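Quick note: numbers below take in every heavy atom, side chains included, and nothing from hydrogens, waters or symmetry partners. What you are looking at is a predicted structure, and each value in this text was computed from that prediction instead of being measured.
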Amino acid sequence: MAAKKPKTVAQQRRYGVLTTRDAKRIATAQLQEWSLERSIAFGLPEIDDRYHVWRVPLLSQGTKERVGEMVINAKTTAVNHSKSTSSRILSGRLGLREARAAHNGAAENGVAAHAVKADFRNAIALGDSVEVLESLPAQSVHLVFTSPPYYNARPDYTDYVHYEAYLEHIRKVIRQCHRLLAEGRFFIMNIAPVLLRREDRTKASRRIAVPFDVHRLFIEEGFDFIDDIIWQKPEGAGWATNRGRRFAADRNPLQYKAVPVTEYVLVYRKRTQKLIDVHIRQLAGTKRLQQSKILGEYDRTNVWAIPPASSAKHPAVFPVELARRVIRYYSFVDDTVLDPFAGIGTVGEAAVALKRRFVLVDNNPKYVAEMRRVLSLNGET
């Protein structure tokens, strides 16, 4: 007698969407409603049982490049429109992909997509990061460096009720940055675990390992992991969290908690088959390459000792020196550097000093006004 097949996760949880075929059927019905069923194909649908959803990759029918994602509630079978790529964005991306495919097909001189030069002047934009990035042309920036808002680290410094909503927003930003980056260029993110303080004395505080959740998003959105650089602050910098004080006083086992004095600077590269040397060969013999060389002292290990920064104008700034090192190591003179969570413009300040261009985005009018004042800009993208 043949053994029974084990139940799938979807079956065990009694989801309304049980198979990839079910997910594709629902996605097809939605595409038909949008009149996009002839333009879009599907990648392999995957179940994300952590959030009780199916994720269906949406591909250009012509080029087979990813243009978006449809998220389906595994329990109710409904399309989650707030987390899925909209029909407007899909239509726009399909046009960009087809135009780029035609351009690449016509090119016979071997000039690759990563050679596209951005036309940006220095630019500052006020608005939601995802919406602003959607309006920018594909492959138009050469480096992304940012430090996203901390999730609920401060009661007055968050827009997210649920951690899942926070991660979903970060995913959308990463996805847009993948579209905007030139081939094989870098996205570097400064990020750290966050401590959620306890609500009262009967409850414990929680520490969320945000960098490890964000790493998964980068890989899923088409990036390769390159390096984990540790930004080390002076020892006294971590005591403001109160973490470790109980153990310091009582010295009892199980109470030990290390005082955090580090943050991650995670380095990712837009996935490509081309070696980094290709970018350098394109600039061989040019003044631009000579000006971009890192001369003198440099960081030999992945531990960077940099004092933290503070500002009365922003609750969580990182030091200009951190931005300066990232920009020096991962871009050339005249490259365009993007910061989708720009705050008061630290990345722009470092970019100007290193003769790079910048595109800065933030949704806070006060921060944007401060950036324009400091960086002497009155316009926006």
Evaluate side chain to side chain contact (heavy atoms under 4.5 Å, CB included) for Asp228 paired with Asn302, printing each intermediate quantity in order. CA-CA 7 Å; Asp228 55 328; Asn302 71 330; 4.0 Å; yes
Exercise for review: Applying side chain to side chain contact (heavy atoms under 4.5 Å, CB included), run through Glu65 and Leu59 and close with a yes or a no.
Suggested key: CA-CA 5 Å; Glu65 290 185 84; Leu59 314 178; over 6 Å; no
Trace of the side chain to side chain contact (heavy atoms under 4.5 Å, CB included) decision for Ser86 with Ile89: CA-CA 5 Å; Ser86 70; Ile89 294 173; 3.3 Å; yes
Checklist entry - Does the pair Phe218 and Tyr268 meet the rule for a ring pair (Phe, Tyr, Trp, His ring centres under 6.0 Å), with working shown? => result CA-CA 8 Å; Phe218 271 103; Tyr268 296 88; 4.0 Å; yes
**Report entry** ring pair (Phe, Tyr, Trp, His ring centres under 6.0 Å) between Phe225 and His215, intermediate numbers included
**Finding:** CA-CA 8 Å; Phe225 174 68; His215 167 78; 5.5 Å; yes
inquiry  = Determine whether Val130 and Val173 satisfy the following criterion, side chain to side chain contact (heavy atoms under 4.5 Å, CB included), listing intermediate values before the conclusion.
reply    = CA-CA 6 Å; Val130 176; Val173 171; 3.8 Å; yes
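By the side chain to side chain contact (heavy atoms under 4.5 Å, CB included) test, Lys366 pairs with Asn364, sequence neighbours left out. Partners of Glu263 under the side chain to side chain donor-acceptor pair (under 3.5 Å) rule, at least two apart in sequence or in another chain, are Tyr150, Asn190, Lys233. Remark: Pro57 engages Arg66 in a side chain to side chain contact (heavy atoms under 4.5 Å, CB included) (not counting sequence neighbours). Every residue meeting the salt bridge (charged side-chain N to carboxylate O under 4.0 Å, His left out) condition with Asp250, not counting sequence neighbours, appears here in chain and number order: Arg246. For Arg271, the side chain to side chain donor-acceptor pair (under 3.5 Å) partners two or more places apart in sequence, or in a different chain, are Asp224. Residues satisfying the ring-ring contact (aromatic ring centres under 6.0 Å, His included) criterion with Phe42, sequence neighbours excluded, are absent altogether. Scanning for side chain to side chain contact (heavy atoms under 4.5 Å, CB included) contacts around Ile294 gives Tyr298, Arg328, Tyr329, with sequence neighbours left out. Residues forming a salt bridge (charged side-chain N to carboxylate O under 4.0 Å, His left out) with Glu220 (at least two apart in sequence, or on another chain): Arg171, Arg216. In this structure, the side chain to side chain contact (heavy atoms under 4.5 Å, CB included) partners of Asp22, at least two apart in sequence or on a different chain, are Val17, Leu18, Thr19, Arg25. Partners of Tyr15 by ring-ring contact (aromatic ring centres under 6.0 Å, His included), not counting sequence neighbours, listed by chain and number: His52. Remark: Arg324 pairs with Glu321 by the salt bridge (charged side-chain N to carboxylate O under 4.0 Å, His left out) rule, at least two apart or across chains. Not counting sequence neighbours, the partners of Asp335 by the salt bridge (charged side-chain N to carboxylate O under 4.0 Å, His left out) test are Arg185, Arg288.
Contact annotation: the side chain of Pro307 never approaches that of Pro319 to less than 4.5 Å [non-hydrogen atoms, C-beta and beyond]. Considering only heavy atoms from C-beta on, Val194 comes within 4.5 Å of Ile208 through its side chain. Side-chain contact between Ile40 and Leu90 is present, with at least one heavy-atom pair separated by less than 4.5 Å. Between Tyr264 and Val214, every side-chain heavy-atom pair lies at or beyond the 4.5 Å cut-off. Taking 4.5 Å as the limit, some side-chain heavy atom of Thr20 sits within range of a side-chain heavy atom of Trp54. In this structure the side chain of His142 never reaches within 4.5 angstrom of the side chain of Asp334, judged on heavy atoms. At a threshold of 4.5 Å between non-hydrogen side-chain atoms, the residues Val79 and Val71 do not count as touching. Under the 4.5 Å side-chain criterion, counting only non-hydrogen atoms from C-beta, Trp304 is not in contact with Ile230.
Residues Lys274 and Thr272 approach most closely at N-OG1, 3.1 Å, considering heavy atoms. Scanning both residues, Ala23 and Ile72, for their nearest heavy atoms gives O-CD1, 3.5 Å.
Within 6.0 Å of NZ on Lys75 lie no more than 12 heavy atoms contributed by other residues, nucleotides or ligands. At most 12 non-hydrogen atoms from other residues, nucleotides or ligands lie less than 6.0 angstrom from CZ of Arg14.
For the pair Glu168 and Lys83, the salt-bridge criterion is not met [side-chain N within less than 4.0 Å of a carboxylate O]. A salt bridge links Glu221 with Arg175: the closest approach of a Lys/Arg side-chain nitrogen to an acidic carboxylate oxygen falls below 4.0 angstrom. Between Glu183 and Lys270, no side-chain nitrogen of the basic residue sits less than 4.0 Å from a carboxylate oxygen of the acidic one, so the salt-bridge criterion is not met. In summary, Asp49 and Arg13 engage in a salt bridge, as defined by a charged side-chain N under 4.0 Å from a carboxylate O.
Using modelled atom types, no side-chain atom of Asp362 and backbone atom of Val368 make a donor-acceptor pair closer than 3.5 Å. Distance alone, capped at 3.5 Å, places no donor-acceptor pair between the Trp231 side chain and the Val265 backbone. At least one donor-acceptor pair closer than 3.5 Å links the side chain of Arg269 to the backbone N or O of Gly184. Remark: the backbone N or O of Glu69 is paired with a side-chain donor or acceptor of Thr85 at under 3.5 angstrom. Looking at Tyr166, its side chain does come within 3.5 Å of a backbone N or O of Pro149 through a donor-acceptor pair.
Checked against the 6.0 Å centroid criterion, the rings of Phe358 and Phe145 do not qualify as a close aromatic pair. For Tyr330 and Phe186, the gap between ring centers is short of 6.0 Å.
Under the side-chain contact (heavy atoms from CB on, under 4.5 Å) rule, Leu133 has a single partner from Leu180, Asp128, Val359, which is Leu180.
Note on Val56 and Val9: separate hydrophobic clusters, where clusters join Ile, Leu, Val, Met, Phe, Trp and Tyr whose side-chain heavy atoms are under 4.5 Å apart, directly or indirectly. The cluster map of Ile, Leu, Val, Met, Phe, Trp and Tyr, joined by side-chain heavy atoms under 4.5 Å apart, puts Val333 and Ile327 in different clusters.
Atoms CG and OG, from Leu58 and Ser39 in turn, are 11.5 Å apart once rounded to the nearest 0.5 Å. One distance of note links OG1 of Thr146 with CD1 of Ile188; it measures 11.0 Å at 0.5 Å rounding. Taken from CG in Leu143 to CG in Asp339, the straight-line distance is 10.0 Å, to the nearest 0.5 Å.
The aromatic rings of Phe223 and Phe187 sit perpendicular to each other, their planes meeting at more than 60°, with 30° as the lower class boundary.
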